[in-house]
Amino acid sequence: MGRDGAAELTPLFRFSTPAGLLEIRAVAVRTVAIKGVRSSRYLCMDEAGRLYGQLRYSTEDCSFEEEIRPDGYNVYKSKKYGISVSLSSAKQRQQFKGKDFLPLSHFLPMINTVPVESTDFGEYGDYSQAFEPEVYSSPLETDSMDPFGITSKLLPVKSPSFQK
Amino acid sequence: MFLYDAFPKEFLWGVGTGAFQVEGSWRKDGKGSSIWDHFIHSELRDADSTDASSDSYTLLDKDLSALDFLGVTFYQFSISWSRLFPAGVVAAPSEKGLQYYNTLIDSLLYRNIDPVVTLYHWDLPLMLQEKYGGWKNESVIDIFNDYATFCFQTFGERVKYWITIHNPYLVAWHGYGTGIHAPGERGKMTTVYSVGHNLIKAHAKVWHNYRKHFQPYQKGMLSIVLGSHWIEPNKSEDALDISKCQQSMERVLGWFAKPIHGDGDYPEELKNEFSFLPRFTEDEKNYIKGTADFFAFSFGPNNFKPPNTLPKMGQNLSLNLREVLNWIKLEYNSPRILIAENGWFTDSHVKTDDTTAIYMMKNFINKVLQAIKYDNIDVFGYTAWSLLDGFEWQHAYNIRRGLFYVDFKSEKKERIPKSSALYYKQIIGENGFFPRESTPSLQAQFSCDFSWGITESVLKAESMASSPQFCDSSLYLWNVTGDGLLHKVKGVKLKTRPAQCTDFVSIKKQLDLLEKMKVTHYRFALDWSLILPNGDLSVVNRQVLRYYRCMISEALKLNVQSMVTLYYPTHAYLGLPGPLLQAGGWLNRSTAYAFQDYAALCFQEFGDLVKLWITINEPNRLGDIYNRSSNDTYWAAHNLLIAHAMAWKIYDEQYRSFQYGKVSLSLHSDWAEPANPYFESHSKAANRFLQFEIGWFADPIFKTGDYPATMRDYINFKNRKGVLYSSLPSFTSEEKELVKGAADFYALNHFTTRFVIHEPQNGSQYEFDRDIQFLQDITCLSSPSRLAVVPWGVRKVLRWIKKNYGDIDIYITANGIDDQSLDNDELRNYYLGKYVQEVLKGEYMIDPSSPE
């Protein structure tokens, strides 16, 4: 996902580079938010099934239903539009119309091994604002006693001089 | 950014409850049924337990002690209408019920606690529901007004703050729309809005009644508690998104607030959307307009649940209390505001260790402070919700909202303060937020021999001198044909001069920067795999050695001393010579022997110029690479310790006598703070974290020659429990002797402070062994990579090192923060200023350490 919010049609292997690293986080039962780590953007879908990245999480457009296929791969379907996330081009989609699954729509989530670099926040200017959106733009879990998710993850201890 | 400041002197601190949530005794002393009594016995499965609840009706003294404990200035409670008038209609009041509220009010006043009294917190007398259909029927308005009159007459001399109705939105919406609240009607939208209409009229009538007949001599104030969510646009600049947010707020808060606090009528948005919306006549508008002496606002989970019943309009829910206060200020002409309900909840299994609640409270109350200080919003009081665990409406007893824990099944139902009670008590005591960890800033100088440096990771060596003009023997002509190119003159050979260090372009660049910084020390790392590609001494890359020597000697000409790191692994680049990596890397003891040879070579080559050596940078992070199991991690660490100690020993025995340098290793030493300062398990967890992180390497070297007892004991304890199958290696007596004392100073890389929670974990990786979970304090300034900026943490870690390892020289070998701004790196500027200040304080208060 690029900074301009355009979700590129990236060959799958690119997802093992920092630029293509996606963070998948559960927001409800069987529902996930997918976030580009480098671009800090949530993956969202419009009604035509086109993917785009957005800084702010929107429950409707950026929630995906996770389905684990018998082959161990996952398929992600937009909650709102029911279209699955696919990295195929418009032409490929056309060819596969009516088939069960679009090409390049199967994913294999893994524990991250790619060193995650911090994201650029210079473009948002004023830093007194810049450190807050992270908290307020994450999906707010109003049904949880920890709506900001301040305790939800077991993060490894990181050192900036080791995780370069 | 978090605001450390005090609230205005007159600020009111309170806590609240609703009668039905805490009183219990629903049939005692002739109490009449309310719609909620009926509702839970017919609709909610948890009905049995609701009969008991926290029993405030019989345990008043315990409630009063709890209020005393907090030190609040007011208590917001509600009167159970059917406890006073079992049938709802005003007649002879129930003596026992009357006595209860009289005693409650008198006891509060005796304690200097102001009563803030709510007349209606959702428990309508059942008779009024059955006879009239409840709030659907306009005749309930007059009956409510009679009940209010009685309360003013009876309690009004003693009560200065009155609330007519608590959160009418929820009454209308969930009582008559979704049906999740009593009376549980799943009605039409028309019903919902006519109920709202009647609630507004009822409130207005009671306000006029009080205004006319009681206020002149009782001198109190009266309002209605309005609740709301907050919502923010998907795209902050998008006009359509912004207008949708506005609509969302108008549908919930505006529905009641605009008639009462605004112009007497419903928001246009609402009128346009719903043709069936009841209309106010002009007279009614004038009658309703301005019927509140202050704005009483409720912001809590009830207005966020269930999410699918909220008008989200495709936008994002938010818990930013400061923003919604700003909206109220702008919409309703800067009213005085009482936060009449605020807080979050915990799951029912959470007892007194409600750590998340502390951070929710910290965030909410600080937002209120910011609204007062930055936005000039006139908030005059705050009600934490709630005093006690109790009945939580549609959630029954599945969530808890009390500052005090109540075990509903217990005999005595003691009110036990939770962490949030202790925290709230502290905020009230300090009337705000006092930066307890920071001390006044210190204006002083570091000692003369203090070393100021800058650090670099592995310095990429140029293998060739990169200025060809000095090593190319050809002669060239330039620009003969006007093409700007060089043309070699054939057959001419010039004499080149001998190679010089300044031929390396990168060194020159580096030196320019060092000169600008005016540092006394420069820390960089050598590339082991480049110097010894085979891992042993069979091949030594002399070119690379020459480059590094040039760097060191040229820096010395600028009076900058080099601190050289021999081995600097990172997550992305392990930095081991290939053959060693293939032989198992640090899991293989032979890597330690190879390191010893490599270190000796470096001492021999550069030791005449280098007086400060770091063998290994952050060996305590290498566990992230050898993480197949904690056994792997511990063995890799063991070999790293041995490798370091052997290198130190070689230096000590063979080079120190004539090179006079010092050798140590840099440990990643971040600070850990208990996430919940009121729980011993958290302090123990913080200490355990430091032992597993720092003591793991520092204890063998600086203290005992063995791993920390805390660490061994904890791993053994988990082994015995059968949840862990790894163990720490043992040191042989030779190893012990080798390792103990094998460092000449303490070197630390410090970046942040982590807030830790004790949380039992099972898993094969070593992160799980210490049973720690982190908490991210969202009110704390942090970097883009989420490192918290906690300047006092560095002072604490320095103190801890001194306490544990005695009076040794300390070098901070890395400190800083990620800030990706291209030129104006404000965050880094702030960070360095604050952290250096804390080190200076440490210097003066602790010891003559000499950090770099």
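Throughout, a chain's letter reflects where its sequence line sits, starting with A, and its residues are numbered from 1.
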- Query: If you count heavy-atom pairs under 4.5 Å with chain A, which of Ser666(B), Pro569(B), Ser236(B) comes out on top?
  - Reply: Pro569(B)
- Please round to the nearest 0.5 Å and tell me the distance separating atom CE of Met145(A) and atom CZ of Arg400(B). 12.0 Å
- Below 4.5 Å from any heavy atom of chain A, which atoms of Phe751(B) appear? Answer side chain, backbone, both or neither. side chain
- Determine the minimum heavy-atom distance between Ser161(A) and Asn617(B), stating which atoms define it. OG-ND2, 3.9 Å
- Message: Working to the nearest 0.5 angstrom, can you tell me the gap between Lys158(A) NZ and Thr752(B) OG1?
- Response: 13.0 Å
- Message: Is the shortest side-chain heavy-atom distance between Glu767(B) and Val157(A) below 4.5 Å?
- Response: no
- Task: Mind checking the CG-CD spacing from Leu317(B) to Glu141(A)? Nearest 0.5 Å is all I need.
- Result: 12.5 Å
- chain A heavy atoms under 4.5 Å from Tyr573(B): which part of the residue, side chain, backbone, both or neither? neither
- Atom group of Gln765(B) that falls short of 4.5 Å from chain A, counting heavy atoms: neither
- Spacing of NE2 belonging to His229(B) relative to CG belonging to Leu140(A), to within rounding of 0.5 Å: 12.0 Å
- Residue from His668(B), Glu693(B), Gln315(B) scoring the most non-hydrogen pairs under 4.5 Å with chain A is His668(B)
- Query: So what's closer than 4.5 Å to chain A heavy atoms on Ile625(B): side chain, backbone, both or neither?
  - Reply: side chain
- Euclidean distance, Ser159(A) OG relative to Asp624(B) CG, rounded to 0.5 Å: 9.5 Å
- Task: Determine whether more than 12 heavy atoms belonging to other residues, nucleotides or ligands lie under 6.0 Å from atom NZ of Lys351(B).
- Result: no
- Query: What part of Pro306(B) gets closer than 4.5 Å to chain A, counting heavy atoms only: side chain, backbone, both or neither?
  - Reply: neither
- Note on the structure: Correct closest heavy-atom pair for Pro147(A) and Trp344(B) would be CD-NE1, 3.5 Å
- Item | Under 4.5 Å from any heavy atom of chain A - which part of Asp347(B) | both
- Message: Need one label for Leu775(B): side chain, backbone, both or neither, based on atoms under 4.5 Å from any heavy atom in chain A.
- Response: both
- Please tell me if the side chains of Tyr359(B) and Asp146(A) come closer than 4.5 Å, counting only heavy atoms from C-beta onward. no
- How about Pro307(B) and Asp143(A): do any of their side-chain heavy atoms sit closer than 4.5 Å? yes
- Mind listing the closest non-hydrogen atom pair of Thr142(A) and Phe345(B) along with its distance? O-CE2, 4.1 Å
- Message: Do Phe162(A) and Asn620(B) make a side-chain contact, defined as non-hydrogen atoms from C-beta onward lying under 4.5 Å apart?
- Response: no
- Which atoms of Asp670(B) come close to chain A, meaning under 4.5 Å heavy atom to heavy atom: side chain ones, backbone ones, both, or neither? side chain
- Message: For a 4.5 angstrom cut-off between non-hydrogen side-chain atoms, does Thr355(B) reach Thr151(A)?
- Response: no
- Item | Part of Leu787(B) within contact of chain A (heavy atom distance under 4.5 Å) | side chain
